[in-house]
Amino acid sequence: MIRFSPIAKRRWRRFRSHRRGIVSLWIFSTLFLFSLGAELISNDRPLIVSYQDELYFPLLVSYPETTFGGDFETEADYKDPFLVEILNSNGNWMLFPLNPHRYDSINTELTHPAPSPPDGANYFGTDDRARDVLARLIYGFRLSVLFALSLTLIGLVLGIVAGAVQGYFGGRTDLLFQRFIEIWGSMPELYLLIIFASLFNPSVLLLLVLLSLFGWMGLSDYVRAEFLRARTMVYVKAARSMGATDRSIMLRHLLPNALTPVITFLPFRISGAILALTSLDFLGLGVPPSTPSLGELLRQGKANIDAWWLSLSAFLVLVIMLLLLNFIGEALRDAMDPRKE
């Protein structure tokens, strides 16, 4: 059973008393949890198909058209009028998700040229390739948050390790690390991204690796400062005189105190990662074009000024995400404020 210290309990009470922050946390967590099940919310495959008194689950299994009385051995197209007529007659039925489109499904029955405005078939309209905008927003939201969380987690681990080693050992170790950080931080990150984007096929993994190489340096400064301040404290000297190892002192005595600025800046780092991914996608240096992305929708909106639904929808999703994260960050900052201890 995990037991929290009195300080941690007081901080949690202060965070819960921050109404705007706690409400933002609930809203953001709910939206993220729903986006994790994007395939159940927005998909061009039905959730359940009842055919001749048997149940089929197209989300889990790919069925050929012949399974439902068709003529071809290829995978069934559940939007094909011929198949729709079969599966909606003689007691057969299909249950589609709330939004019957996937992020890469193309609407071939548009009444307006793509990008088409919102209508009953596409609630938020379509993009310039006749793909459903709402589906791309849902999947793009999930991609942005997962990417930001992964990038933040990698940056946390690298930044904490680098800052802890610098601050605890100090001296020549700290000096060499600082010179390395100065040289590494002066490298043109955007130019490197352009070079690597031309050398390798763009992917989410490649982008995550490249951004992780630079995303840890800002955090390491805070951890280094905390370790430098605390390593001369009496309790650290006492632990060292009692034979505690450097690893034990760093993990058990210094790290918990150094996590205060780390936790405080966590939501703001997630916001920065989301903005970085969106900006790179907008410039065409991010994920592949077929990947659902908020930045790619903004780029389409710039190329199609008349299609206001492209820019407006992506802009609103970004604003809501960043506002919620900033409100959570403000609540964490007030809760972790040492002047209120």
Between Glu182 and Gln178, is any side-chain donor less than 3.5 angstrom from a side-chain acceptor? no
Considering residues, nucleotides and ligands other than [X], do more than 12 of their heavy atoms fall under 6.0 Å from its [atom1]?
X      : atom1 : answer
Arg179 : CZ    : yes
Trp26  : CH2   : no
Phe34  : CZ    : no

Do [X] and [Y] come within less than 4.5 Å of each other through their side chains, counting heavy atoms only?
X      : Y      : result
Pro261 : Glu226 : yes
Ile86  : Tyr51  : yes
Asp132 : Asn107 : no
Leu149 : Phe32  : yes
Arg11  : Thr260 : yes
Leu254 : Tyr235 : yes
Leu294 : Leu298 : no
Leu210 : Leu192 : no

With hydrophobic residues grouped by side-chain heavy-atom distances under 4.5 Å, do [X] and [Y] end up in a single group?
X      : Y      : result
Ile270 : Leu33  : yes
Val223 : Leu175 : no
Phe28  : Phe265 : no
Ile41  : Leu59  : no
Val236 : Val234 : no

Exercise: identify the closest heavy-atom pair between Gly155 and Trp216: O-CB, 3.7 Å
Would you name the heavy atoms of Arg45 and Pro58 that are closest together and state the gap between them? NH1-O, 2.9 Å
Atom [atom1] in [X], atom [atom2] in [Y]: separation rounded to 0.5 Å?
X      : Y      : atom1 : atom2 : answer
Glu85  : Asp80  : CD    : CG    : 10.5 Å
Asn43  : Leu98  : CG    : CG    : 11.5 Å
Leu151 : Leu156 : CG    : CG    : 9.5 Å
Leu146 : Ser35  : CG    : OG    : 6.5 Å

From CA spacing to verdict: side-chain contact (heavy atoms from CB on, under 4.5 Å), Leu207, Phe147: CA-CA 9 Å; Leu207 192 61; Phe147 179 87; 4.1 Å; yes
Any sub-3.5 Å donor-acceptor pair from [X]'s side-chain atoms to [Y]'s backbone N or O?
X      : Y      : answer
Arg299 : Asp281 : yes
Asn92  : Ser89  : yes
Arg10  : Ala335 : no
Ser116 : Pro113 : no
Asn304 : Asp306 : no
Thr278 : Leu275 : no
Thr232 : Leu228 : no
His101 : Ala121 : yes

Share the residues that join Tyr139 in a hydrophobic cluster, the rule being Ile, Leu, Val, Met, Phe, Trp or Tyr side chains under 4.5 Å apart at the heavy-atom level. Tyr103
With a 6.0 Å cut-off on ring centres, are Phe96 and Tyr78 close enough?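 They do not qualify: ring centres at least 6.0 Å apart.
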Could you list all the ring-ring contact (aromatic ring centres under 6.0 Å, His included) pairs where at least one residue sits in residues 276-323, not counting sequence neighbours?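 Those involving residues 276-323 do not exist here.
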side-chain contact (heavy atoms from CB on, under 4.5 Å) between Ser220 and Ile181, intermediate numbers included: CA-CA 10 Å; Ser220 66; Ile181 290 176; 4.0 Å; yes
Where does the angle between the aromatic ring planes of Phe177 and Phe180 fall among parallel (under 30°), tilted (30 to 60°) and perpendicular (over 60°)?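 If you compare the ring of Phe177 with that of Phe180, the planes turn out perpendicular.
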Aromatic rings Trp184 and Phe214: how do their planes relate, parallel, tilted or perpendicular, breaks at 30° and 60°? parallel
Do the side chains of [X] and [Y] get close enough for a salt bridge, i.e. N-O under 4.0 angstrom?
X      : Y      : answer
Arg102 : Asp104 : yes
Lys79  : Glu109 : no
Glu296 : Arg131 : yes
Arg224 : Asp174 : yes

